[in-house]
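FYI, side chains are in, hydrogens and waters are out, and symmetry mates aren't considered; it's all heavy atoms of this structure.
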Amino acid sequence: MKLFKKCILILFFLVHFSFYAQVKVLSWNIENLGKSKSESTITLIATTVNAYDIVAIQEVVAGPGGAQAVARLADELNRKGSKWDYVISDPTSSSANKTERYAFIWKTAKIKKIGKAWLEKKYHLEIDREPFYCTFEYDKKQFTVASFHAITKSKQPETEIKYFKFLPADYPELNLVFVGDFNCPQSHTVFNPLRKMGYQSAFVNQKTSLKKQCVGSNCLASEFDNIWFNKSRIKKIASKVLPFYKSFQNLKEARSISDHIPITMEFMLK
């Protein structure tokens, strides 16, 4: 009898979840992704992100070396068995020494890009590195990922993030998913307006930036990166960080890749 009930329960979950599309997204602030990244570094990055359907990258170098590095990464991913495509943003509107690009890379067999990707124009004067949007489709269901890299903590990133409360109303037809490096913990009150609209963070109390040196086994510094989604339209299955730095002998070597670790979320589209 217990076995029968267990089988019924498993069948229920299989049938219930079959009504939802399942997508795996990864977001990573790859520090200064450009010509300085060696081939071995590009290979390590590709190996780290290969299991995911969509990869959102922040801090792509604004010059030609940044676009070339993204192309090199896509080429490396294409050698691993799946076909990938990519799109790179124009440089952000920030000052010359802070401007950068964003990139999205996705598996074409599973994910379809809809229309053109774009940088947020309405708040480009208020937001130093305005978000980069791209709409994707999976199983005839669409969602729009908005990738973002906030100003540093010392410059008060909440002064930029406060404008995010207007974005769902500016794009009412879109199922927005905000990803990236907010340089601000999800517990900050600046996120309360999004919460009131039904948005939820994929991570709580999860540090994502690297210390300069580990203190014992503690190698993570601050709770900066996150994924925000509308829980009425998206069901989170799982979220986790990828501690790539554990493959290195020390943090100095790991930080040559990035001073942030990748964050990931698997979700269902309702």
Side-chain angles (χ1 to χ4, degrees), residues 24-34 36-52 55-61 66 69 73 94 97-98 100 102-103 128-129 147-161 164 178-192 194-195 200-229 236-266:
K24 293 190 291 184
V25 65
L26 179 148
S27 176
W28 196 357
N29 177 343
I30 304 177
E31 185 180 19
N32 294 324
L33 180 61
S36 65
K37 300 299 185 187
S38 66
E39 289 306 314
S40 61
T41 293
I42 293 295
T43 298
L44 183 145
I45 294 171
T47 301
T48 303
V49 307
N50 186 51
Y52 295 85
V55 177
I57 302 173
Q58 302 88 41
E59 210 169 309
V60 177
V61 172
L73 176 57
S94 49
N97 63 334
K98 291 295 183 181
E100 59 188 53
Y102 298 96
D128 208 32
R129 293 175 292 230
S147 184
F148 178 57
H149 184 197
I151 54 178
T152 60
K153 184 179 179 181
S154 62
K155 292 185 177 181
Q156 298 181 309
E158 59 270 20
T159 60
E160 294 185 323
I161 298 169
F164 275 60
F178 301 111
V179 308
D181 175 10
F182 295 89
N183 276 314
C184 189
Q186 55 76 36
S187 57
H188 196 288
T189 56
V190 73
F191 292 108
N192 286 349
L194 282 178
R195 286 194 178 88
Q200 177 179 322
S201 63
F203 298 92
V204 176
N205 298 327
Q206 173 62 62
K207 294 179 179 179
T208 58
S209 64
L210 292 178
K211 291 177 177 289
K212 291 187 177 180
Q213 291 184 330
C214 295
V215 180
S217 61
N218 182 11
C219 302
L220 298 177
S222 300
E223 184 188 351
F224 283 163
D225 304 82
N226 220 316
I227 300 171
W228 289 86
F229 61 96
K236 186 183 81 170
I237 302 172
S239 58
K240 65 179 181 179
V241 298
L242 305 182
F244 78 93
Y245 60 91
K246 292 184 177 180
S247 300
F248 294 85
Q249 290 186 347
N250 55 65
L251 284 191
K252 183 178 180 180
E253 292 181 4
R255 287 170 65 95
S256 68
I257 308 293
S258 180
D259 55 353
H260 288 249
I261 59 175
I263 60 172
T264 75
M265 184 174 81
E266 182 177 0

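Sorted by first then second residue, the side chain to side chain donor-acceptor pair (under 3.5 Å) pairs that include residues 215-224, not counting sequence neighbours, are Gln186-Glu223.
At least one donor-acceptor pair under 3.5 Å links the side chain of Ser258 to the backbone N or O of Asn29. A donor-acceptor pair under 3.5 Å is absent between the side-chain atoms of Asp128 and the main chain of Ser94, judged by distance alone. Side chain of Glu59 to backbone of Glu31: no donor-acceptor contact under 3.5 angstrom is found. Judged purely by atom type and a 3.5 angstrom limit, Ser239 uses its side chain to pair as donor or acceptor with the backbone of Ala202. Between the side chain of Lys37 and the main chain of Ser256, a donor-acceptor pair closer than 3.5 Å is present. Not one N or O on the side chain of Ser27 forms a donor-acceptor pair closer than 3.5 Å with the backbone of Val179. Checked by atom type and distance alone, the side chain of Lys240 never pairs as donor or acceptor with a backbone atom of Thr264 at under 3.5 Å. Side chain of Thr208 to main chain of Ile261: no donor-acceptor pair is present (N/O by atom type, distance under 3.5 Å, no hydrogens or angles).
Residues Leu73 and Ile57 are in side-chain contact: their nearest non-hydrogen atoms beyond the backbone lie under 4.5 Å apart. Looking at heavy atoms from C-beta onward, Pro262 lies out of side-chain contact with Val49 at the 4.5 angstrom threshold. Contact check for Phe244 versus Leu210: side-chain heavy atoms found under the 4.5 Å cut-off. With contacts defined as side-chain heavy-atom distances shorter than 4.5 Å, the pair Val25/Met265 qualifies. With contacts defined as side-chain heavy-atom distances shorter than 4.5 Å, the pair Phe148/Glu160 qualifies.
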Quiz item: Can you check side chain to side chain contact (heavy atoms under 4.5 Å, CB included) on Leu33 and Trp28, steps first, answer last?
Solution: CA-CA 11 Å; Leu33 180 61; Trp28 196 357; over 6 Å; no

Quiz prompt | Verdict with supporting geometry, Ile151 and Thr159, side chain to side chain contact (heavy atoms under 4.5 Å, CB included) | solution = CA-CA 9 Å; Ile151 54 178; Thr159 60; 4.0 Å; yes

Exercise. Could you walk me through whether Gln213 and Asn250 pass side chain to side chain contact (heavy atoms under 4.5 Å, CB included), step by step?
Key: CA-CA 8 Å; Gln213 291 184 330; Asn250 55 65; over 6 Å; no

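Considering every non-hydrogen atom in both Phe182 and Pro157, the closest pair reads O-CB, 3.5 Å. Counting all heavy atoms, side chain and backbone alike, Lys211 lies closest to Arg255 at O-NH1, 3.3 Å. Of all heavy-atom pairs spanning Leu220 and Gln206, the tightest one is CD1-NE2, 3.9 Å. Across Glu100 and Gln58, no two heavy atoms sit closer than the pair OE2-C, 4.4 Å.
No more than 12 heavy atoms of other residues, nucleotides or ligands lie within 6.0 Å of NZ in Lys153, so this atom counts as exposed by the packing criterion.
Ring centers of Trp228 and Phe191: under 6.0 Å apart, within the cut-off.
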